[in-house]
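Report on the following structure.
Small disclaimer: the values here were computed from a predicted structure and weren't measured. Order of the sequence lines fixes the chain letters, A, B, ..., with proteins taken first and strands second; residue numbering starts at 1 for each chain.
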2 protein chains.
Amino acid sequence: MVTLAEVAQHAGVSASTVSYVLSGKRSISVGTRQRVEQSIQQLGYHPNAGARALASNRSNIIALMVPLRTDMYVPVMMEIAIAVATNARTHGYDVLLLTGEEGPDAVRRVTGSGLADAMILMDVELDDERLPLLRGTDQPSVLIGLPAATEGLTCVDLDFAATGALCAEHLAKLGHRDIAVIGEAPAVYERHTGFAERTLDGLRSRSRELGVRVLHRPCEGGFDAMTVTLARIFDERPGTTGFVVQNESAVEPLLALLRQQGRAVPEDVSVIAVCPDQVATQASVRLTSVAIPAQEMGRRAVELLIAKLDGHGGDEVALLAPELTVRASTGPAPVTS
Amino acid sequence: MVTLAEVAQHAGVSASTVSYVLSGKRSISVGTRQRVEQSIQQLGYHPNAGARALASNRSNIIALMVPLRTDMYVPVMMEIAIAVATNARTHGYDVLLLTGEEGPDAVRRVTGSGLADAMILMDVELDDERLPLLRGTDQPSVLIGLPAATEGLTCVDLDFAATGALCAEHLAKLGHRDIAVIGEAPAVYERHTGFAERTLDGLRSRSRELGVRVLHRPCEGGFDAMTVTLARIFDERPGTTGFVVQNESAVEPLLALLRQQGRAVPEDVSVIAVCPDQVATQASVRLTSVAIPAQEMGRRAVELLIAKLDGHGGDEVALLAPELTVRASTGPAPVTS
DNA sequence: ATATGTTGTCGAAGCGCTTCGACAAGGTTT
DNA sequence: AAACCTTGTCGAAGCGCTTCGACAACATAT
């Protein structure tokens, strides 16, 4: 293991000079810099992370807490995680992967040990038990998701209320008057991971303004669950002509069942999905959808966090504007007799 | 920030005693231990990770390198990653998330800086450029996946050759004589991520023994790609009655297209999927499948790595035996005229 | 009784780095 | 020519921990 001191000796300078070459915190003459850099190359020197962390009191590590559960949006989570890792690297940070399993203890552990300089939390619940800890520490953090109270917190999320409203508007404009929302699994609502509720709220209130009736049904996803859910919907509201689906694993079952029942998409019923673009374009019908901008969320979270670490940038709630892409699954409501 | 020294003072012992209480590396009298533990509690002490790493030369961090690409098996990757993180914690290790993006440089960086004590690499290619580095260092590592040459390496993977063979056997036993393999996207083969090829090899050689003809077609996944692929298959081999699908995003399209063409599953054609159980049970037909044991792979990888870190356990290739679960998508081959 | 462990604790060194203050050498300003 | 910056470099302190050797205090073997 090559050390700073060895590099210094090899280059004929002092250890501190090498350190300053590395950090750029003091000016170094060109000649010296080059000699040092060359020594670093030749010796294959890598600064020791532990020593650096100890001396500088910064680990250059960001902790990312991902949900343990895999009952929803796994690809989205993965995409966010990868985006976070990738973007963090461009700022010189590495990412420590924490699972939700440890809960608040993980926050304490990481904060207390100086393992990470900052945290990003995913899958934030409305009244998340980790929030008091975050508020009570001076360690910067960013939430992906939106809790009930956001004072003192920095959050990034898709504007799900606007997403819901956007769906309502699109369907209303096409003449639909009775729409059904196929939501996330009941467990997601019980856990109060705000996004599902917020979508629904946005959709409901805009629908009310536009004179559209909304029926909401959570759904586990998968064919069997969807079969039951769909039957209930048509039972209760036979005139339903529009669907908004916020559950990746319900999309394909819904399309298959509609087909099976002889309801053509988009001639008889329209379907909007809230899902990543990839799902929307790979489905059996090219789906009109509101994209979940996973990469963008990861990127923004990192940027806000870096800003906080660098001292600028305070608390802020960054809601990304939803974008609805019209594809082949929505069309004018059928003319009723 | 509370330090060891403060705890020591509070408990009326020396710093080293506190350290030994924490590590258990020397015997401590019950009274002293309790006093120290109480002081730790009261002061809310957390050992500083950097100082610990510097002094002990171990970071208690495992690096996990996940593929950057998301063109395949994302849920599997995620599940493995989570399993790794969870299991690592139970052994007192945290997990550093590296993306494949940095490539071999990441290995160098992590190895050189002592950031992590060991690595787990996912998505290993047959002739992976990171392998020489791993062989050239004394840092323990485990691969998830199987490269072409495994000397000096520890690997965990599903036995994909046996998986292929198992599929062939199941279909042969049911009387199928012409089967098609819907493989991963062409890019996966081009990149030589061995598992796809190994499945195919296992399937082909067992099929030959059993007198079954095999037609292999890579497929991007999604409906459009599947439409083309399926048409080509029936064009070339109209008598195909068995399918093996090794691509999550091709499963549902295949089922839908078969249905659309009036080919009943499993009466007219049988379908076996190589996929996580969740996909198999949530599909529109409950699929006979060979499971991809993501959790188990993550767990095994961590265990092998910990064994190496603890000095016992050398290089080893752990191939998990595949298990085929018969569900509703396979049945006897139709009687030909 | 002496020699020989055992057990529990301490002090001190040192891990590899960052950073502060000092300061020589040279350049500017009066 | 004195006084003052600037620039580039160095030495030393210290970050918070682990770990080694030392050594009392007591127990056991001879």
Side-chain angles (χ1 to χ4, degrees), chain A residues 1-37 39-40 43-61 92 94 109-117 309, chain B residues 1-37 39-40 43-61 92 94 109-117 309:
Chain A
M1 203 85 302
V2 186
T3 70
L4 225 217
E6 292 172 315
V7 173
Q9 191 173 10
H10 186 271
V13 297
S14 76
S16 48
T17 300
V18 177
S19 179
Y20 286 124
V21 167
L22 250 31
S23 69
K25 292 192 180 173
R26 286 203 182 171
S27 49
I28 297 285
S29 67
V30 184
T32 306
R33 167 180 287 105
Q34 285 179 348
R35 244 178 320 127
V36 170
E37 277 165 356
S39 297
I40 288 175
L43 301 178
Y45 168 70
H46 286 271
N48 182 89
R52 201 166 240 199
L54 177 56
S56 66
N57 208 23
R58 310 180 100 252
S59 62
N60 284 292
I61 289 179
D94 271 298
R109 193 167 58 82
V110 167
T111 305
S113 67
L115 225 191
D117 297 331
L309 280 166
Chain B
M1 204 85 301
V2 186
T3 70
L4 224 217
E6 292 171 316
V7 173
Q9 191 172 10
H10 186 271
V13 297
S14 75
S16 48
T17 300
V18 177
S19 180
Y20 287 123
V21 167
L22 251 31
S23 69
K25 294 193 179 173
R26 285 203 182 171
S27 49
I28 297 286
S29 67
V30 183
T32 305
R33 168 183 285 104
Q34 286 178 350
R35 246 181 317 127
V36 169
E37 277 165 356
S39 297
I40 289 175
L43 301 178
Y45 168 71
H46 286 270
N48 181 89
R52 200 166 240 201
L54 176 58
S56 67
N57 209 22
R58 311 180 99 252
S59 62
N60 284 292
I61 289 180
D94 272 297
R109 192 166 59 83
V110 167
T111 306
S113 67
L115 224 191
D117 297 331
L309 281 166

Under the side-chain contact (heavy atoms from CB on, under 4.5 Å) test, residues paired with A:Glu37 that sit two or more places apart: A:Val21, A:Arg33

Sequence neighbours excluded, the answer for side-chain hydrogen bond (donor to acceptor under 3.5 Å, both in side chains) partners of A:Ser113 is none

Across all chains, not counting sequence neighbours, the side-chain hydrogen bond (donor to acceptor under 3.5 Å, both in side chains) partners of A:Arg109 are A:Glu102, B:Asp94

Residues two or more places apart in sequence or in another chain: which of them pass side-chain contact (heavy atoms from CB on, under 4.5 Å) with B:Gln9? none

Across all chains, not counting sequence neighbours, the side-chain contact (heavy atoms from CB on, under 4.5 Å) partners of B:Ala11 are B:Val13, B:Val36, B:Ser39

Which protein N or O atoms sit under 3.5 Å from an N or O of nucleotides 25-27 of chain C?
none

Any residue meeting side-chain contact (heavy atoms from CB on, under 4.5 Å) with B:Gln34, in chain and number order, not counting sequence neighbours: B:Val30

Bend across the helix from C:dA1-D:dT30 to C:dT30-D:dA1, to 10°, with axes taken over 5 pairs at each end? 30°

Mind listing the closest non-hydrogen atom pair of B:Leu4 and B:Tyr45 along with its distance? N-CE1, 3.5 Å

Quick one: is A:Lys25 getting a side-chain N or O under 4.0 Å of the C:dT18 phosphate, OP1 or OP2? no

Pairs in or reaching into residues 18-31 of chain B: which pass side chain to side chain donor-acceptor pair (under 3.5 Å), with residues at least two apart or in two chains? B:Ser29-B:Thr32

Which side chain to side chain donor-acceptor pair (under 3.5 Å) pairs, counting each pair once, include a residue from residues 48-61 of chain A, with sequence neighbours left out? A:Arg58-A:Tyr93, A:Ser59-A:Asp117

Closest approach of A:Leu54 and B:Gly50, non-hydrogen atoms and distance? CB-C, 4.3 Å

Contact pattern, 5' to 3', of nucleotides 8-16 of chain D - B, S or - by protein heavy atom under 4.0 Å: SBBB--BBB

